[in-house]
Structure formats: C-alpha cells, structure tokens
Amino acid sequence: MRHAAEKASEASRASDAALVNRARRGDARAFGLLYERHAPAVYRYLLLRSSDAELAEDLSQDVFEKAMDALGGLRDPASLRAWLMRIAHHRLVNHWSRKERRPDKTPLDALPPGAEAAEMPDHSLESRLSTEALMLRRLSEREQELLALRFAAGLPMRQIAAQLGCTEAAARQLQYRALKRLRDFANQQGLRP
Amino acid sequence: VNPRPPFPDDLSPDELRAAEAMDAVFEGLFEGRPPNRHPAKEEPVLPSASQALAETARALHALPEPDAKRMQATRASLEARFARNHASRPSSLGDEGGLPAWVYLGLLLGLLGLAWLALGRSPAATPEPANLLSEADTHPVEGAPGRKLDQAAGPDDVDGDGDGDGESNGDIEPIADADIDTDTDTRTNSETEPVAATDTDASASPTAPIASSSIRGGAPATPAPALPAQPSRAIVRGYVRDVKGRGIPDAHVTAWRVDGPGFYVQRSEADGAYRLELGAGRYLMQAEAEGFAGRWHDADGGSAGRDGAGVLEMNEAGGSTVDFVLPRNVGEAGWDRITGPERQREPS
C-alpha cells in the first residue's frame, strides 16, 4: 500500500518530458497522469474562449484524444502544455467553422447599457464565470487568445509570444492593452465600480 | 528585421513600465500570491490604475474548475483507449497523420523485393535495354541485312542501306522498336556465345554480341583485353585501313550471323587491327568508321558495297583473316549531295 502511494507520488512529480516518453512507449498510466495534470488548464482555456462549459468539456476530451494519436510528433515534450493549447485552439476554430457560429462579436458600444449582463447565459457553470470572462469576446481575436493563454492556461509569456508570433515585449504590451480595454468595457457598462 | 512592429506601440513609458511590472505580478497568480504584490518584494508595486487591471486579470484567472468526477471518467476512458491503440499499433511512427509502421515496413519489403528481382537478372544477361535487339531484329538475312545496318551507315548513306551507294535495295525491313526484347536476345545469344555472367560491359568482351548502337554510344575507345583463347571459338582477325593503307582506329567490325540470330561487334585498335571470336556459323562481315564509308567483306576477300557482301563460313576452332579498306566519306557537303536530284532541279 505504501509502495503504491510512493509510486503514485513519484509519478506525479515526474516531469512532462518523462511522462511523455513513458506514454510514447505505451504507458497508458503516464498518459492518464498527463491528462490529470493538464486537463484543467485546457478546460479553462476552452471555457474562457467559448463561455460554454459543455463545449469546453467535450473539446477538452477531443484535445487529449488528438494528443494521444499525435504524441509521437511532439518535438519538445517540455512544452507539452503549449502544444495542447495549440490543439485546443485548432479544435475550437474547427468547431466554430463547422457550426458556422461563434460567440457574438457585436461591438459593445452598439449595445444598450446592461445588455451584456442580460446576455449572460443562465447555466449553472456559466453563471459562475466572471464578468470579465464573459466580456472577453469583445476583444480582438489576438487579445482573447493572449489573455486565455495567459490567465486560463497559465502559459509563460515566452511561449505565448512564440504562439502569437511576436516578441515577448510585444506580447506584454498586448496583454496590458487588452486588460485595459477589458476594464474599460466593464466600467462603461457599469458592471464594475 | 521587421520594418513594422507587430503591434502599434502606443503605450507611454509609464504604461510600458506598468506592463512590465504587471507581468511579473501576474506570475504570482499561478503561485497563489496576491496579484498586487511583486513576487520578489512584499510591498505593492503597481499604481492604482494598474491594480485595477490586475484585478481584471485575477477575474479572468478565477475560472471554475472542471467537474472532478467527469474528469476521472474521462481519464479512465482515455487510458483504456490509449492501451487499446498501443496494443493494436505496436510501433507508431508518431507524426500526426502518419501511416502505421506496418505500412512503411510493407513498402520497404516491396522495394527490397524489387531490388532482389532486379539483381536476380545478372548484368551480363541483361545488357542495357537501349542497346538490345530481338532475334528478329538482329537476324541478318543473306544479302539483305536488317535495318540495323542502316543505323550504322555513314552520313552519305542516303538510301539507308548501309553501303553508301545512295541506292536503296528495296528489301530492307525496318526494325520495330516495339520488338525489342531483352530476354529473347540475351538468351539466344547465350546459347551460341556463353559469355561469362559477370561480364557487365558487353563491349569489354571481344566475343560478346552487343548492339552496334552501344558502340556508337560511347564504348571505350581502347579495345578490351582479349579473353583467353577458347578452342570452340572461330577467330576472325584482320585490319581496317583506309585507301592509303593506314590503319583506322575505332572502326566497328560487325559479324552478322546469317544462319542464326545475333551479331558480334568489335572495335579496331590504333593500328586498325581487330580480332573477333565467333561461334561456328555463317557470317557477313562489315566494317564502319567515322568519316569513312562502310564496307562489306566480299567473296573474293576484298571490300565491297552491301550488294557485294560475301558470306564467311566459320568452323569451330577455325580462323580467318578479313581485311577491310574503307574509302573516305564524302559527307553532307560531298559531291553526291551537291549533284543530287534535288540540287540538279534548281535553276542554274
């Protein structure tokens, strides 16, 4: 019993690269550990981008199913989370293109005051999303992606800059500007003091 | 260098400093520290406006977690599928969208099999396909050699019969390219000329029957070393000379077999000497050289045009001497062309 607990603890401390290598050799448990480690981040990223809890759960599973098939093609196992986020991004874009539907991007200025709050879905999980999270869709695609990668997925700025194809300093400026715009939207709608 | 910055740099210096400081603070979000404190310092570092942005970031960070039970179920499902996939695909080559390993293995085995089949045909038994002629193509008929001779004719051989006389013999049958059959030719020649299987260069063997085109196509100028004398071979030797008695190097001496398929070709040496080892049989002997009109061995032991070619009968272990005298080729600007029918019709 103690041996099993030690083994589980050791596995949980193993690096992503070690777990990826084990999974590549066919260790299903290593893949399960990778899922347990990164699934919440993938879910949060998808939830923040879609504001749809059910879709985020479904796509999270899709992401790991795709990762299962493509794990051998992962070049840098240490960047596993960034790689998973790229898959998640593509899955979400594919979903939107298939459905030909994506969250409304009507400029907030065109909406009457309080309309954004009235648009909020009343599902149990979505209702727990912060106002800022729900208003994220009003930002540009690039700003949404950066903030989701930064605050939902928790990627370091270096990896975010690499994914966005810009320098780290530029990504920091974009982050600052996006947060400022988001705050301004909240202030305009009177959702924040 | 990108001449245009990726993003418009419309931040003031203060905002830039705030952005840098905020980023350091945001790192604390993922480590459980309060967002308004620098990770290395305890005191707040952000101005009030930036603190408001930090609160916005914190609100984004405070997303609900996925359902734990559903996550466990998903994990178990993924692990089971992973194990099943790995069992059915023992060696994934990994690349996204890549084919299973057994497909690559099958392709590799197929290529190896093709290579084995290709190597199974010995090089000596499979000369270059472009140089091959079928039995029917190379079978010389007495008095009427095949069209193959025409290809070796000199530039003045306007009628294409190889004798350079400008008159068509009328009985020449063109060789059909589609008739080229490597197996037939090779095996038939092997019956009469058991050339060593390792003889990959047909021109390297003085007795190897090869197409005359291969000689014209750039065979080595120096004659190949002669094989050890074989008692079952009939040897034909002689010289190829011009009308002044000078030896013609690199002349092609061809023995066209009359009573069977095949022909034998050899190049003359620097002094015009040549040596051919033939199987027993009846042959028409021809000599060609660049800049010279082709000539045939006639029945009287001299050189003649094609119509005057005489059959040379060779017995086993026999020998014969056949000399050729080749006249200079007049060439395209030669008298026969200048005075040809087309030219004569032109007004003077």
Side-chain angles (χ1 to χ4, degrees), chain A residues 23-29 31-33 35-36 39-40 43-44 47-48 53 56-57 60-61 64-66 68-74 125 128-133 136 142 147-148 150-152 154 156-157 164-167 169-177 179-180 182-183 186-187 192, chain B residues 2 5-11 15-24 26-27 29-31 49-50 52-68 70-87 89-98:
Chain A
R24 281 173 171 170
R25 291 195 295 268
D27 188 345
R29 190 168 176 277
F31 189 78
L33 285 170
Y35 172 80
E36 194 172 275
Y43 171 81
R44 285 197 302 267
L47 179 62
L48 187 57
E57 285 187 353
S60 295
Q61 187 168 346
F64 281 90
E65 285 174 355
K66 180 69 177 174
M68 182 192 304
D69 296 333
L71 198 61
L74 174 59
L125 190 59
R128 290 163 51 195
L129 289 175
S130 64
T131 305
E132 286 82 355
L136 191 74
R142 200 176 182 83
L147 294 183
R150 186 78 175 115
F151 300 110
M157 194 57 85
L164 295 180
C166 62
T167 64
R172 284 199 188 95
Q173 294 175 29
L174 181 67
Q175 173 186 254
Y176 179 88
R177 191 163 35 245
L179 285 174
K180 196 174 178 183
L182 200 58
R183 186 71 183 179
N187 291 339
R192 290 286 179 192
Chain B
N2 190 355
F7 303 105
D9 188 5
D10 55 355
L11 297 181
E15 286 175 325
L16 280 175
R17 277 194 294 275
E20 294 286 340
M22 267 178 48
D23 190 57
F26 291 154
E27 293 291 340
L29 282 175
F30 311 110
E31 299 170 8
S50 296
L53 295 186
E55 286 174 15
T56 303
R58 191 179 187 185
L60 289 178
H61 180 64
L63 290 166
E65 294 292 330
D67 183 63
R70 188 165 175 176
M71 267 193 65
Q72 286 300 323
T74 304
R75 175 182 171 175
S77 167
L78 285 171
E79 284 186 1
R81 187 182 156 186
F82 186 93
R84 195 167 55 246
N85 285 357
H86 200 80
R89 189 176 55 185
S91 167
S92 169
L93 293 186
D95 196 4
E96 191 170 344

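Every value quoted in this text rests on a predicted model; they were computed, and no experiment measured them. Just so we're on the same page: letters track the sequence lines, and every chain starts at 1.
- Considering CZ of B/R81 and CG of A/D69, their distance stands at 5.5 Å, rounded to 0.5 Å.
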For this session: Just do the side chain to side chain contact (heavy atoms under 4.5 Å, CB included) check on A/E57 and B/M71 with the steps written out, would you?
Result: CA-CA 9 Å; A/E57 285 187 353; B/M71 267 193 65; over 6 Å; no
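- Contacts with chain B were tallied for A/G26, A/A133, A/A148; A/G26 has the most, counting heavy-atom pairs under 4.5 Å.
- Heavy-atom minimum distance, B/P64 versus A/Y43: O-CE2, 3.6 Å.
- Residues A/A28 and B/E79 come closest through the heavy atom pair O-CG, 3.4 Å.
- In this structure, CZ on A/F31 lies 5.5 Å from CG on B/L78, to the nearest 0.5 angstrom.
- Between A/Y35 atom OH and B/S77 atom OG the span is 9.0 Å, to the nearest 0.5 Å.
- Counting heavy-atom pairs under 4.5 Å between each of B/Q72, B/R70, B/R75 and chain A puts B/R75 at the top.
- Test A/E65, A/R29, A/M68 against B/F82 for side chain to side chain contact (heavy atoms under 4.5 Å, CB included) and you get one pass: A/M68.
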